[in-house]
2 protein chains.
Amino acid sequence: MQTMGDPLAASAILAVMQLNTNVFTIFMKFSNERSKPFMSTTPATIKDIARLLGISVSTVSRALKDHPDISAETKEKVNEIARKLNYRPNALALGLKSSRSTTIGVIIPEIVHFFFSTVISGIEDAAYEAGYNVMVCQSNEMYERETIVAKALLDHRVDGVLVSIAKSSAKFDHLTLLQDNGIPLVFFDRVCSFIESDAVVVDDYKGAYMATEHLISIGCKNIVHLAAPENLLIGELRKVGYCRALEDHNMAVDPYNIYLCDTREKVEEKIHRILSRDPKPDGFFAVNDSTAIAVLQEVKKAGYRVPEDIAIVGFGDGPNTTICSPTLTTVEQNGYEIGYEATRFLLDRITKCNTGAAARKKVLTPVLVKRESTDRKV
Amino acid sequence: MQTMGDPLAASAILAVMQLNTNVFTIFMKFSNERSKPFMSTTPATIKDIARLLGISVSTVSRALKDHPDISAETKEKVNEIARKLNYRPNALALGLKSSRSTTIGVIIPEIVHFFFSTVISGIEDAAYEAGYNVMVCQSNEMYERETIVAKALLDHRVDGVLVSIAKSSAKFDHLTLLQDNGIPLVFFDRVCSFIESDAVVVDDYKGAYMATEHLISIGCKNIVHLAAPENLLIGELRKVGYCRALEDHNMAVDPYNIYLCDTREKVEEKIHRILSRDPKPDGFFAVNDSTAIAVLQEVKKAGYRVPEDIAIVGFGDGPNTTICSPTLTTVEQNGYEIGYEATRFLLDRITKCNTGAAARKKVLTPVLVKRESTDRKV
DNA sequence: AATGAAACCGCAAACGTTTGCGGTAATTTT
DNA sequence: AAAATTACCGCAAACGTTTGCGGTTTCATT
């Protein structure tokens, strides 16, 4: 058979020759195929290989994973046919049998945000390194969507879930549901205080403290903080960092200088009210970059100079911070590292099956990136 | 039993009472659980429900889907236990049985880009509306990664795949592999000319034509085009649109005015060479927004005024275009709509099983969004 | 020549579902 | 009262794998 030119035809003959039992069905298989010899429209299975070779599925299965019980000759034949048929193991069957799907789920607010998309890159890299697949689900910051995707991940029997909670999530039954079903959870960035679980976060308190202190150091006397909703821990921590920095420099914390304002839209809605307060703000610390940039644009439009009249600091260090003008001082958050480390935590839980071990927490230290929006000549 | 206060305890009793055969295993089940009555660490199955109720799995299965053969009483009991156990059907088993996973795969270059992440939003919405889940995989613009994720999607027996090819992909065996296995393909944005399949794209030619014509209309005489690699059809089409617009206005197409330059890095590398050419460029049409914005920043840095000395147009209309200064004129691409329509195409193929029908193509018309970077007083 | 041990391979159960078919009991129809 | 429905439920096979166990050969050892 090695003398034949066309390897496909060669194996077809080989296969037919070795048949003993069900020649008919095989023949049907061949005659049914249109123009694609040896390739049905449906994925090849171990059964197909076994049938073509006239051996049992057990043998094929063992041959494919190089089991010592199988002869070299058989292994060769099996692998050849498998290659020709483009055989790929059915992950559903594998998962059902082993009750492990080698897939991890991700519940993430919105991937449009640069930070979250870099987190995903870190997650994917860590997962692929370990042979795991990733299933990414957006909650779109909506509690309902979060519950839906959590259940979908449960349905698919993912081996673990990485989650950063939505702004609007106040109930967490859907997450404890996952835990109750033996699916380990690891939080990243936006953690949930009510659930005992591993977590990877940045030191939001410290980042906010540094940001505020920097504004103070360049001479700001009346610093406004644009904050996130209260149920978000990261928002709270950043607010506390802001307050503490003021206190440590003997500046009073004016509650009226703290606004719930974490999107561009809210900035456009509230900015005039904020700017018309007395004493007038000369510094802004916003809970994220896009809010900070919106402020930057609005105050410029209102005739103020940045950073001379008003200095601004954001949080996150997305690429936008270098394309606005002036460029934005911000607190760097290494999304990739957060995703990578969180996934390492999760894989650890999965492979070690140590769901019992105490919750670990990794806190990454952010760094303040100084740019033009706070670059005053002091 | 309705008189008891605790519904959990009530059903436990109910369950034990109804047992006839395997009391022992049930008892084991209870005594094994720590602090979580009625909830093992592993997901509940139909078998569990059947065992607790002393009925067969077939009955439970039918009861759960409201089959007329099952009595109202049984249905009620089954549903009650199912709810208590947080029963969720095993998607792996369902997929294996039906050879449909109600999951669609997405192969996308990089979700960091605003355009692609909006596409995903459109995909998700269309998929969820139809009860499908979405598995998003990034190729990171790498051919190897693209082949890996394609195989992973095949392994998971997704019902269909949406794909936008990586810049570096020149071979497409991994995609025909999917087709050969009966998995329908729909391309979005970056199509592959060698594979006959459905596609949803924007009219890149027209978008480029409009952009170039706009530059001409504001008085640009020497317009540079920063192009994508040649193997990307969208890049080619945009280049052709650029050339055609010049020709239609009796302006010569200078091949030296066309550069392979589609990232910020390449701009920083080549901009000085480009600007030092004679005649000096007075207009730029870049193949995407981030490239255009990089140009904008570099020419400003080099002392030129935008748009007075040099006018710039991008492609894509991401949010960056409104935060750079001056704001960027660009060609709007409705990513959400592309994703939504592509998914509709795919679901159509899946549900209708009409893999045989001719390939359909939907071309969305982009619109030119004029902003400051071309706002000359003419 | 009988025994033992390799070397190879197949049977069958299991994972969690669905579903055609058959069966029993209760109810209705003659 | 017999027959025919009707109502309700269980058996078992199937989806694609893996794997413990048992079964044949074959070959080397006494």
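Letters A, B, ... mirror the listed sequences (proteins, then strands); counts begin at 1.
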For B/R88, which contact category applies under a 4.0 Å heavy-atom criterion: base, sugar-phosphate, or nothing?
->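 Sugar-phosphate, backbone atoms only, no base.
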
Relative to the 5' end of DNA chain D, which residue comes earlier, A/L94 or B/D69, by the nucleotide with the nearest heavy atom?
->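 Taking each residue's closest nucleotide, the earlier one in sequence belongs to B/D69.
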
Residue mapping more 5' on DNA chain D - nearest nucleotide basis, B/I70 or B/S99 |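 The residue mapped nearer the 5' terminus is B/I70.
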
Do any side-chain nitrogens or oxygens of [X] fall under 4.0 Å of OP1 or OP2 in [N]?
{"X": "B/T45", "N": "C/dG16", "result": "no"}
{"X": "A/K97", "N": "D/dT19", "result": "no"}
{"X": "B/T74", "N": "D/dC9", "result": "yes"}
{"X": "B/K75", "N": "D/dC8", "result": "no"}
{"X": "B/S58", "N": "D/dG10", "result": "no"}
{"X": "A/T59", "N": "C/dC9", "result": "no"}
{"X": "A/S71", "N": "C/dC9", "result": "yes"}
{"X": "A/K65", "N": "D/dT17", "result": "no"}

Whole angstroms only, please: what is the [atom1]-[atom2] distance between [X] and [N]?
{"X": "B/K47", "N": "C/dT18", "atom1": "NZ", "atom2": "P", "answer": "13 Å"}
{"X": "A/N90", "N": "D/dC15", "atom1": "CG", "atom2": "C1'", "answer": "8 Å"}
{"X": "A/D48", "N": "D/dC15", "atom1": "CG", "atom2": "C1'", "answer": "13 Å"}
{"X": "B/N181", "N": "D/dG16", "atom1": "CG", "atom2": "P", "answer": "13 Å"}
{"X": "A/L64", "N": "D/dT17", "atom1": "CG", "atom2": "P", "answer": "9 Å"}
{"X": "B/H156", "N": "D/dG16", "atom1": "NE2", "atom2": "P", "answer": "17 Å"}
{"X": "B/I46", "N": "C/dA14", "atom1": "CD1", "atom2": "P", "answer": "18 Å"}
{"X": "B/Y87", "N": "C/dT18", "atom1": "OH", "atom2": "P", "answer": "6 Å"}

Are B/E124 and A/R145 close enough, and set up right, to give a side chain to side chain contact (heavy atoms under 4.5 Å, CB included), and what steps lead you there?
-> CA-CA 11 Å; B/E124 286 191 341; A/R145 191 73 162 249; 3.9 Å; yes

Test for a donor-acceptor pair under 3.5 Å between the base of C/dG20 and the side chain of B/R62, counting only N and O atoms.
->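 Flag set: donor-acceptor pair detected.
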
Run through A/T176, A/V163, A/I165 and flag the one making a side chain to side chain contact (heavy atoms under 4.5 Å, CB included) with A/I195.
->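 The side chain to side chain contact (heavy atoms under 4.5 Å, CB included) with A/I195 is passed solely by A/T176 among A/T176, A/V163, A/I165.
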
So, do A/R157 and A/L154 sit near enough that their side-chain heavy atoms are less than 4.5 Å apart?
->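 Touching, per the 4.5 Å side-chain cut-off.
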
Closest-nucleotide ordering on DNA chain C, the 5'-leading residue of A/P68 and A/S98 |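 That would be A/P68.
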
State plainly whether the residues B/R349 and B/D159 are in salt-bridge range, i.e. N to O under 4.0 Å.
->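 No, no charged N to carboxylate O under 4.0 Å.
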
Look up atom OG1 in B/T343 and atom CG in B/L346, then write down how far apart they are to the nearest 0.5 Å.
->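 The OG1 atom of B/T343 sits 7.0 Å away from the CG atom of B/L346.
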
Taking the six-membered ring for Trp, are B/F172 and B/F194 parallel (under 30°), tilted (30 to 60°) or perpendicular (over 60°)?
->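 Correct class here is tilted.
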
